[in-house]
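These figures come from a predicted structure and were not determined experimentally.
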Amino acid sequence: MPILPEPGLGDLAELRRWLETLGAVHAAQRGGAADLQGSLARLAGATGSAAAWIAADTVFHANVVRAAGNAYLTALYEGVHTAVLSQEHELWVRTETEPGWLAGPRASVLVEIHRAIFDAVAAGDAWAAQGAVLRHHEFMLEHLRQ
């Protein structure tokens with residue numbers, strides 16, 4: 001039996017991307033954007049505080065997946081996202097420091113990449129939803145590498 005490498009943040013981030021992409025595509029196909037407007041507004045108002053941003057971001061993404069209408073997908077996604085957060089953002093939450101990518105003009109870019117997900121789901125465009133989620137994850141991975 002081959003020995004598998006120790007799972008890490010990269011594996012979790014990849015699994016999160018797969019689950020969220022699947023959720024966003026199905027949410028778009030099912031017209032599930034009703035609960036996302038409030039989540040997007042909360043997110044837009046949360047820049048400037050790492051803890052507030054992480055909480056609002058968590059709610060937004062969970063609602064995107066929840067809009068797919070599959071309770072098991074939602075539960076899997078939320079478990080994976082929680083595990084990612086515990087590794088990815090622990091320092092910022094514990095120290096209440098603001099990551100550089102959450103400050104100033106970069107904050108508006110963050111809101112826009114989330115708005116693209118909302119817009120695609122609201123428009124019922126599964127391909128655009130998939131692309132928007134993938135762009136979001138590419139953007140976040142770039143910041144985590146820094």
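- Side chains of Arg17 and His136 form no contact here, defined as non-hydrogen atoms less than 4.5 Å apart.
- Here the side chains of His81 and Glu20 are not in contact, with every heavy-atom distance at 4.5 Å or above.
- Nearest heavy atom pair, residue Phe60 against residue Phe118, reads CZ-N, 4.2 Å.
- How far CG of Leu85 is from CG of Leu12: 10.0 Å, rounded to the nearest 0.5 Å.
- Note on Val111: it does not cluster hydrophobically with Leu134, by side-chain heavy-atom contacts below 4.5 Å among ILVMFWY residues.
- Here Trp53 contributes atom CH2 and Thr58 contributes atom OG1; the two are 10.5 Å apart, rounded to the nearest 0.5 Å.
- Shown here for Val121 and Ala24, the closest heavy-atom pair between the two residues is CG2-O, 3.9 Å.
- Residues Val80 and Leu15 share a closest heavy-atom pair of CG2-CD2, 3.5 Å.
- Among pairs with a residue in residues 43-59, none fulfils salt bridge (charged side-chain N to carboxylate O under 4.0 Å, His left out), at least two apart in sequence or across chains.
- With rounding to the nearest 0.5 Å, the separation of CG in Leu43 from CG in Leu36 is 11.5 Å.
- One distance of note links CZ of Arg135 with NE2 of His114; it measures 13.0 Å at 0.5 Å rounding.
- Glu78 meets the side chain to side chain donor-acceptor pair (under 3.5 Å) test with Arg66; sequence neighbours excluded.
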Trace of the salt bridge (charged side-chain N to carboxylate O under 4.0 Å, His left out) decision for Glu112 with Arg115: CA-CA 5 Å; Glu112 290 309 312; Arg115 185 176 315 282; 3.4 Å; yes
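- If you chain together hydrophobic residues whose side chains sit under 4.5 Å apart, Ile113 and Val59 never meet in one group.
- Tyr77 approaches Arg16 most closely through the heavy-atom pair OH-NE, 3.2 Å.
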So His26 and Asn70, side chain to side chain contact (heavy atoms under 4.5 Å, CB included) or not? Walk me through it. CA-CA 9 Å; His26 285 279; Asn70 185 302; over 6 Å; no
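- When side chains are defined from C-beta on, Trp127 does not count as touching Val25, because their heavy atoms never get closer than 4.5 Å.
- Using a 4.5 Å heavy-atom cutoff, the side chains of Thr47 and Leu110 are not in contact.
- The minimum heavy-atom distance linking Leu73 with Val65 is given by the pair CG-CG1, 3.8 Å.
- Summarising the geometry of Gly23 relative to Ala68, their closest heavy-atom pair is O-CB, 3.4 Å, with the distance given to 0.1 Å.
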